[in-house]
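Since the structure comes first, as structure tokens, the remarks are kept for the end.
The figures that follow rest on heavy atoms only: side chains count, while hydrogens, waters and symmetry mates do not.
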Amino acid sequence: MRAVVTVMGVDRKGIISKVSTCLSDNNINILDINQTIMQDIFTMVMLVDMSDSQTKFTAVSKALGEIGEELGLEIRIQHEDIFRSMHRI
């Protein structure tokens with residue numbers, strides 16, 4: 001199962017480290033990553049593979065949300081099909 005992780009907020013040290021560590025701790029593989037900083041606004045989109053993870057999707061979402069609260073960011077994870085459906089033109 002693949003999912004899309006989005007991260008947005010004011011740039012600070014450790015964002016990529018904390019998010020990728022959370023994913024790794026849950027046996028989630030990062031397939032693709034795109035990140036940019038526009039002035040002081042950090043944005044990142046990751047395509048991840050959750051097929052080897054034993055952690056429930058809701059638990060991963062909660063863990064990422066907690067990191068977001070800690071760092072003052074908005075972090076979301078969505079199933080790939082839902083993400084694609086929502087962004088279909």
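Distance SG/C22 to CD1/I67: 4.0 Å, rounded to 0.5 Å. Taking CZ of R12 as the start and CG of D40 as the end, the distance is 13.0 Å to the nearest 0.5 Å. Considering CZ of F42 and CD1 of I15, their distance stands at 4.5 Å, rounded to 0.5 Å. Separation of atoms CG (L64) and CG (L23) is listed at 5.5 Å; rounding is to 0.5 Å. Interatomic distance, M46 CE to N34 CG, rounded to the nearest 0.5 Å: 10.5 Å. Separation of atoms CD (Q35) and CE (M44) is listed at 7.5 Å; rounding is to 0.5 Å.
V48 and M8 end up in different hydrophobic clusters when Ile, Leu, Val, Met, Phe, Trp and Tyr side chains are linked at under 4.5 Å. In terms of hydrophobic clustering, with Ile, Leu, Val, Met, Phe, Trp and Tyr side chains grouped at heavy-atom distances under 4.5 Å, L31 and F57 are assigned to different clusters. I33 and I75 fall within the same hydrophobic cluster, defined by Ile, Leu, Val, Met, Phe, Trp and Tyr side-chain heavy atoms under 4.5 Å apart, directly or through other members. No path of Ile, Leu, Val, Met, Phe, Trp and Tyr side chains, each step under 4.5 Å between heavy atoms, connects L73 with V4, placing them in separate hydrophobic clusters.
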Q) Could you walk me through whether H79 and M50 pass the side chain to side chain contact (heavy atoms under 4.5 Å, CB included) check? A) CA-CA 10 Å; H79 292 279; M50 298 185 66; 6.0 Å; no
**Q.** Test log, rule side chain to side chain contact (heavy atoms under 4.5 Å, CB included), inputs V7 and R76
**A.** CA-CA 7 Å; V7 182; R76 296 179 186 254; over 6 Å; no
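In terms of heavy atoms, S51 sits closest to M1 at CB-N, 3.5 Å. Here the closest heavy-atom approach between residue D52 and residue N27 is recorded as O-ND2, 2.9 Å.
Formation of a donor-acceptor pair under 3.5 Å by the N29 side chain with backbone atoms of D49 is not found in this model. Of the possible polar contacts, one joining the S20 side chain to the I16 backbone as a donor-acceptor pair under 3.5 Å is found.
Of the options D25, N26, I28, a side-chain contact (heavy atoms from CB on, under 4.5 Å) to T55 is made by N26 and by none of the others.
Within the 4.5 Å cutoff, the side chain of V45 has no heavy atoms near those of the V5 side chain.
Within 6.0 Å of CD on Q54 lie no more than 12 heavy atoms contributed by other residues, nucleotides or ligands.
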